[in-house]
Amino acid sequence: MKIPRIFYGWWVTIAASVGLSTSPGQFAFGALGLFMIPLTIEFDAPRAEVALASTFFTVALAITSPFIGKIADRYGSKQILIPSLFIFGILLASIAFIVTELWHLYITFILIGIFASGANGLPFMRIIGEWFNKRRGLALGIAMAGGGAGYMYVPPMLQFIIDNYSWRHGYYTLAAIVLFVSLPVSYFFLKNTPQEMKLNPDNDNINEKSENNSEPILRFKDVVRQKTFWLLYVIFAVLSFCLYGLLSNLVPMLIDRGMENSSAANVAAMLGLAILVSRALIGHFLDRFFAPRVAIVSILLSTIGVVMLAMGIVGTPAYLAALLIGLSIGTEFDLLAYLTTRYFGLSSFGMVYGLMFSAFLVGTSFGPPTFGASFDQYGSYINVLILCSILLIVSVGLFLMLPKYRYTAE
């Protein structure tokens with residue numbers, strides 16, 4: 001019996017998953033929480049000042065992302081992705097051998113936000129959108145699970161390296177993974193469109209134009225005039241403020257409460273595992289149910305996790321809280337890409353996704369330093385955790401206001 005040939009789009013999805021596991025979101029922003037305590041000691045600075053590096057990164061990323069999207073729309077996602085990955089690896093390594101002052105760290109994170117912005121999710125998501133239509137949610141979920149894998153293996157790996165060697169060795173390790181794993185995988189396996197390999201989206205055996213060829217090209221003013229755009233913008237800004245502010249401070253928060261360094265890192269790894277699993281599952285559900293309803297369920301579960309942390313839990317309950325919180329962190333990027341394609345189409349995906357991603361970056365710009373400032377002022381994170389519990393409930397209400405899709409899979 002002849003074995004059916006695997007649709008190449010799934011190999012593209014796996015390659016994207018590998019690339020997303022090493023993106024600046026995981027290796028620059030997410031990893032900063034693991035470096036938080038050694039960097040405060042190294043530079044004799046409060047946590048809010050160290051966390052400010054993530055703000056400089058996200059502000060730079062917010063400014064450049066819409067332009068990166070337009071370039072990807074015009075020239076192709078891979079053409080912006082490959083040089084961005086190379087630059088990102090070099091900049092990560094430079095932190096280890098150049099940074100001797102805190103402002104050096106700020107400059108490096110700004111440069112990552114500018115010149116490595118093309119290594120973030122945008123080009124990967126655009127490629128997946130080109131390869132899949134009917135199974136787009138599942139494909140996006142599998143690809144984004146790579147981001148969860150990054151959040152899962154990075155904390156224990158980095159904590160071991162930092163504890164046994166130094167924080168500088170940690171950045172050397174991250175740079176090596178980007179340059180010698182992610183970069184070659186992306187170069188050899190990613191293809192911008194199925195047409196490059198004489199295939200159709202979803203491997204359909206029909207001779208018709210791809211979905212985005214019949215869509216109008218949206219301009220900036222066409223997008224920002226839509227109520228749906230601003231609803232989504234506020235939703236993702238709120239979610240990213242709460243969830244990524246927490247993510248970058250989770251390990252030091254648990255260490256402050258008396259947990260061992262390795263145990264706190266393992267809790268962060270549990271959160272990464274939840275992100276990995278939930279992204280694939282959420283992607284499957286997005287193809288079958290109205291996406292805002294899927295989002296509401298995951299956010300409500302994560303709110304329970306945030307409330308648990310606000311109650312001061314440690315030990316085994318902390319693992320459960322991380323599991324619940326990972327459900328929302330595992331949802332937001334799937335939703336960001338999926339809803340962009342369903343409400344605004346693929347023809348202008350890069351530009352619209354870049355604008356949407358800037359909303360995400362607004363939240364991540366203010367989240368980490370707000371968490372750090374709360375600790376510096378009150379000696380704990382409880383007040384900001386209570387605030388985030390309220391904001392997550394508000395985001396649920398905003399999801400209820402979203403209309404039906406404009407572009408469907410049929």
Side-chain angles (χ1 to χ4, degrees), residues 9-31 57-58 61 65 68-69 72 77-78 80-82 84-89 92 112-113 116-132 136-155 157 174-175 177-192 240 243-244 247 271-283 286 326 329-338 340-341 349-350 353-354 356-357 360-361 364:
W10 295 115
W11 296 114
V12 170
T13 301
I14 293 172
S17 182
V18 172
L20 285 165
S21 76
T22 69
S23 76
Q26 282 71 22
F27 276 26
F29 181 90
F57 162 71
T58 51
L61 202 58
S65 287
I68 291 296
S77 298
K78 190 173 178 179
I80 195 70
L81 173 63
I82 299 303
S84 294
L85 279 171
F86 177 76
I87 294 171
F88 180 43
L92 283 175
I112 290 174
S117 59
N120 256 302
L122 192 156
F124 295 107
M125 296 300 95
R126 197 186 194 290
I127 288 174
I128 296 297
E130 292 283 0
W131 278 87
F132 294 92
R136 185 176 294 162
L138 177 60
L140 287 172
I142 293 173
M144 291 306 302
Y151 286 124
M152 183 176 67
Y153 73 77
V154 167
M157 177 189 73
L174 295 178
I177 294 173
V178 171
L179 293 173
F180 300 113
V181 178
S182 183
L183 180 58
V185 167
S186 297
Y187 180 81
F188 288 109
F189 290 99
L190 288 179
K191 306 293 181 183
N192 282 323
S240 59
L243 299 174
Y244 285 84
L247 178 66
L271 187 146
L273 176 62
I275 295 173
L276 188 154
V277 174
S278 68
R279 279 182 172 166
L281 288 176
I282 292 298
L286 292 180
I329 300 181
T331 302
E332 94 295 349
F333 264 124
D334 286 17
L335 287 167
L336 186 64
Y338 188 84
T340 297
T341 65
F349 175 84
Y353 184 92
M356 289 293 184
F357 193 62
F360 170 83
L361 296 171
T364 53

All side chain to side chain contact (heavy atoms under 4.5 Å, CB included) counterparts of Trp11, not counting sequence neighbours: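 With neighbours one apart ignored, the set is Ile6, Tyr8, Ile14.
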Partner of Ser84 under side-chain contact (heavy atoms from CB on, under 4.5 Å), chosen from Ile87, Ile82, Ile80: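 The single option meeting the side-chain contact (heavy atoms from CB on, under 4.5 Å) with Ser84 is Ile80.
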Shortest non-hydrogen contact from [X] toward [Y]:
X: Leu138; Y: Trp10; answer: CD2-CH2, 4.0 Å
X: Tyr353; Y: Met125; answer: OH-CG, 3.9 Å
X: Gly326; Y: Ser278; answer: O-OG, 3.5 Å

Beyond-backbone contact of Leu335 with Leu286, side-chain heavy atoms, under 4.5 angstrom: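 A side-chain contact under 4.5 Å exists here.
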4.5 Å side-chain heavy-atom contact, Phe124 and Leu190: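 Yes, side chains in contact.
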OH (Tyr153) with more than 12 external heavy atoms under 6.0 Å: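 Counting other residues, nucleotides and ligands, OH of Tyr153 exceeds 12 neighbours.
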Rounded distance (nearest 0.5 Å) linking atom CD1 of Ile177 with atom CZ of Phe27: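 Between Ile177 CD1 and Phe27 CZ, I get 4.5 Å after rounding to 0.5 Å.
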Rounded distance [0.5 Å steps], CG in Leu81 versus CZ in Phe86: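 Going from CG on Leu81 over to CZ on Phe86, the span is 14.0 Å.
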Closer than 3.5 angstrom, by distance alone: can the side chain of [X] be matched with the main-chain N or O of [Y] as a donor-acceptor pair?
X: Tyr338; Y: Leu140; answer: no
X: Ser17; Y: Thr13; answer: no
X: Thr22; Y: Gly19; answer: yes
X: Arg136; Y: Phe132; answer: yes

Qualifying residues under ring-ring contact (aromatic ring centres under 6.0 Å, His included), relative to Phe360, sequence neighbours excluded: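 Phe360 satisfies ring-ring contact (aromatic ring centres under 6.0 Å, His included) with Tyr244, Phe333, Phe357 only.
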